[in-house]
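The structure appears right after this line, and notes come after that.
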Amino acid sequence: MGVRILLLGNGGREHALAWKLAQSDLLDCLYVCPGNGGTAQEPKTVNVDLSTSDFPRLVDFAVKNKVDLVVPGPEQPLVDGIETHFRKVGIPVFGPSELAAKMEGSKAFSKDFMARHNIPTAAYRIFKNDQINEAVDYVKTCGHKVVLKASGLAAGKGVLIPETTEEAIAGLQDIMVKNVFGTAGNEVVIEELLTGPEVSVLAFSDGYTIVPLPAAQDHKRIGEGDTGLNTGGMGAYTPAGVATPAIMDQIMKETLRPTIDGMRRDGFPFVGLLFTGFMLTPSGPKVLEYNVRFGDPETEALMLLLSDEVDLVSVMMACANHHLDSTKISVRPGFAVSVILASQGYPGAYPKGKVIDFKPVPSNVVVFHAGTTKAGNNIVTSGGRVLAVTAYAPSIQEALDAAYLGVDAISFEGKTYRRDIGHRALNAIHDKAPGLTYAQAGVSVDAGNDLVEIIKPYVRSTRRTGADAEIGGFGGIFDLKATGYRDPVLVSGADGVGTKLRVAVDELSGLYDTGIDLVAMSVNDLLVQGAEPLYFLDYYGCGKLDVKVASQVVKGIADGCQQAGCALIGGETAEMPGMYSEGDYDLAGFAVGAVERDQILPTPDIAVGDVLLGITSSGLHSNGFSLVRKVISISGLTYQSPCPWDTNTTLGRALLEPTRIYTSQVLPAAKAGLLKGMSHITGGGFVENIPRVLPKDLGCYVDASTWALPPVFKFLAQHGEIAPLEMARTFNNGIGMIVIVSPNNVDATIAALSQGVGSVYKVGEVTAKPGVEMRNLHAWSL
């Protein structure tokens, strides 16, 4: 036996649903209550003369007629809790529970839901009807234009858009004092006025899965050019071109998915059709309102856009039974348009009983009945919106042409309609730019050229033997023979700045010596193998190229190269809209050095008893900043706060002190054969980095009492309550480079290293036990 469905309602929306449902092979019988002159003409469909508000009689009818599914068309039965009545007798409803229906029934409820779940919407305040004075004060002082919304159901009429503060105050008086919207105005939502194109997105959901249909645009005003009074809708078309695939993806990620998940987590999962109105603002799509049922006239157009393979009975049953993911919902390529024929006088008073004359319409046109009824052998008008003439075609223009041919084939006294349905889509086609440019895609070749000219002097400042440090070609050239190496081995290293860059971008607009850090992290890794840094290349990626920021970064890279003694011979600047947010950038660096084959470090003769010398760091260097950010977030301070250990600067700038480059300090000692090995103390601290240069069967100890823990590390340990051992395996703790020397060479090495900027301490020794033993960590707690 097939499926029996009870469909509630009597408008064009219900006729469109009946038309699509009747095409299903699964359908046995469709009861439409009360239906209209069009629903009765559909196959397998019967009109039922019952009130949609008499729930006990509806339940009795459904039980007696073995109904398998109930589909409420309008919102009022859902808000009044019809789902509960049928659930009690075991009949599923394609529609939400009474609590879930409050998403449409109470604008205050839905706005609070959106705020709770971080769903993009207009700024708002809610006022009870006895808070007229507070509401008036708010519109006077909020600093933006407002929209006034009666919180409850007001038949689509409960929204006022005042042009001035005076009009807003008058509107509040109408809603809150004069009760022009009745009990719907017991609460008033005052929203920020959003601007941009509006779209409607209808989406099926079973409480877990949500499947949106293409966006539609309707036409609310009675008059052409969007003039005159608001109506229930004078026409619609779909898909709306302004809702690009990227925007629809954003709507899904930021609104639809969080809405369905949030309702389920809050205890009122949504089942049925969620109809969300959006304003496509300059800052992205924002929710105007939720509706918990099919829209009208959007539904008429969307039913024609659905593929022939879509079985609406199957889809609705899957939603009601929570397995929507087992069904496929697809649409035809092309466009669907619906044009409403209304009674003369609508949306005000209008006559009824006007005989409608139907002539043949094009084959791609379907005429859905809204406000009609059968009187004898005639179909006559019975409502404000009478018919929805709907067409499908491959293009929007063809669909409109067909729809208006259908309009011309229908006549009744006082027929009223708009001749400009779809005007936004047509205007977009006519106004379309002749062709895209690279700049329109968000990439400025001119800005890139400007950057190259600005940074050329910085690059030239890094000239050295082997490189002329000129940029602009396809690749950088370095003459290794000119450097005088007899048996060189090349050493390379690549690195980035890590989370330190996030702090710089967020707190200092990226304007600090990021470039020095980038060079330091790469060349220090070359030094530990005894290599002299020869040349450097950089990569700068961003969403939008800010020449000022980018040139400052390259200047820092050039300064770092000068400190390291290497040439900046090339790089890549990549402007990639969509890959990075505006204002964000990322860095990577690549360094190449050379070392004589017989001077490569570490040497194979590292032995127990060899001494560890520590060279001080300049600060945090470029590691551990994920933990640093966490500490700052709980410290009660900001990056702009005065630095607790240096009141001459801010906390942020102190934390961002550039990484020390050790070339001039350690390279002479390495070339003199004084060093057996070096370890750059980066991420992982002493515990992870020193073993990288030791033979696998050896270890070492580090005595934390041999140097003073710098104030920045004391601050982090104290405010983050970080244990000393965790400090030792996260940060450099004031020692940025470890060198390993023979006991016989300690004095000579200290003398050689002391010529550099970093202080030198004897901090430990190589031992026979693998790993790193941290001694006297209690000294850091004093």
Side-chain angles (χ1 to χ4, degrees), residues 75 78-79 95-128 131 135 138-139 142-154 156 158-161 175 184-205 207-212 215-216 243 247-293 295 298:
E75 66 275 10
L78 292 165
V79 172
S97 66
E98 182 176 0
L99 182 55
K102 286 187 72 175
M103 294 288 276
E104 179 171 359
S106 170
K107 293 179 177 63
F109 179 87
S110 65
K111 292 294 286 190
D112 285 344
F113 172 88
M114 286 183 266
R116 193 163 61 248
H117 292 281
N118 298 312
I119 292 168
T121 187
Y124 74 101
R125 285 281 303 277
I126 300 170
F127 298 91
K128 302 286 187 182
Q131 294 179 297
Y138 178 71
V139 299
C142 66
H144 53 71
K145 285 190 173 184
V146 298
V147 178
L148 310 180
K149 294 183 177 181
S151 180
L153 293 180
V159 178
L160 302 178
I161 306 177
I175 299 173
N186 287 348
E187 277 187 313
V188 175
V189 177
I190 303 179
E191 285 187 353
E192 170 193 10
L193 177 66
L194 301 178
T195 58
E198 289 187 42
V199 296
S200 303
V201 178
L202 280 64
F204 291 100
S205 179
Y208 298 88
T209 301
I210 184 163
V211 180
I247 287 175
M248 289 298 290
D249 185 57
Q250 189 176 0
I251 283 172
M252 185 68 171
K253 290 178 179 177
E254 295 181 2
T255 296
L256 298 185
R257 169 52 58 198
T259 296
I260 295 303
D261 291 344
M263 293 181 72
R264 187 176 64 253
R265 286 195 295 266
D266 286 356
F268 48 95
F270 185 88
V271 172
L273 194 289
L274 183 68
F275 163 19
T276 310
F278 291 93
M279 186 74 79
L280 305 184
T281 75
S283 58
K286 294 188 177 183
V287 175
L288 295 173
E289 64 178 358
Y290 290 113
N291 298 285
V292 297
R293 37 68 193 182
E298 294 91 348

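Since we're looking at a predicted model, the values are computed, not measured.
- Between His117 atom NE2 and Asp266 atom CG the span is 3.5 Å, to the nearest 0.5 Å.
- In plain terms, the two heavy atoms of Gly105 and Val79 that are nearest each other are CA-CG2, 4.0 Å.
- Here the side chains of Leu256 and Pro212 are in contact, with some heavy-atom distance below 4.5 Å.
- Looking only at side-chain heavy atoms (C-beta outward), Ile126 and Val189 come within less than 4.5 Å of each other.
- Contact of the Glu298 side chain with the Phe275 side chain is registered, since non-hydrogen atoms from C-beta on lie closer than 4.5 Å.
- Using bins of under 30°, 30° to 60° and over 60° for the plane-to-plane angle, the ring pair Phe268/Phe109 lands in the tilted bin.
- Closest approach of Ser283 to Lys286, counting heavy atoms only: OG-CE, 3.5 Å.
- You'll find the side chain of Ile190 reaches within 4.5 Å of the side chain of Leu148, heavy atoms only.
- Side-chain contact between Leu288 and Phe278 is absent, with no heavy-atom pair separated by less than 4.5 Å.
- In plain terms, the two heavy atoms of Gly95 and Leu78 that are nearest each other are CA-CD2, 4.0 Å.
- Remark: Lys111 engages Glu191 in a salt bridge, criterion side-chain N to carboxylate O under 4.0 Å.
- At a threshold of 4.5 Å between non-hydrogen side-chain atoms, the residues Met263 and Phe113 count as touching.
- No side-chain heavy atom of Ile175 sits under 4.5 Å from any side-chain heavy atom of Lys149.
- To the nearest 0.5 angstrom, Thr121 atom OG1 is 7.0 Å from Leu194 atom CG.
- Taken to the nearest 0.5 Å, the CD1 atom of Ile210 stands 7.0 Å off from the OG1 atom of Thr276.
- For Tyr208, the OH atom counts as loosely surrounded, since its 6.0 Å shell holds 12 or fewer non-hydrogen atoms of other residues, nucleotides or ligands.
- In terms of modelled atom types and a separation under 3.5 Å, the side chain of Thr259 and the main chain of Thr255 share a donor-acceptor contact.
- Scanning both residues, Met252 and Pro258, for their nearest heavy atoms gives O-CD, 3.8 Å.
- Between Ala108 and Glu187, the shortest heavy-atom contact is CB-OE1, 3.5 Å.
- You'll find the ring centres of Tyr290 and Phe270 outside the 6.0 Å limit.
- Separating the OG atom in Ser97 from the NZ atom in Lys102 is a distance of 11.0 Å, to the nearest 0.5 Å.
- Proximity of a side-chain donor or acceptor of Thr281 to a complementary backbone N or O of Pro285 within less than 3.5 Å is not detected.
- When every heavy atom of Ile260 is checked against every heavy atom of Gly207, the shortest pair comes out as CG2-O, 3.5 Å.
- The shortest distance between side-chain heavy atoms of Val201 and Met248 falls below 4.5 Å.
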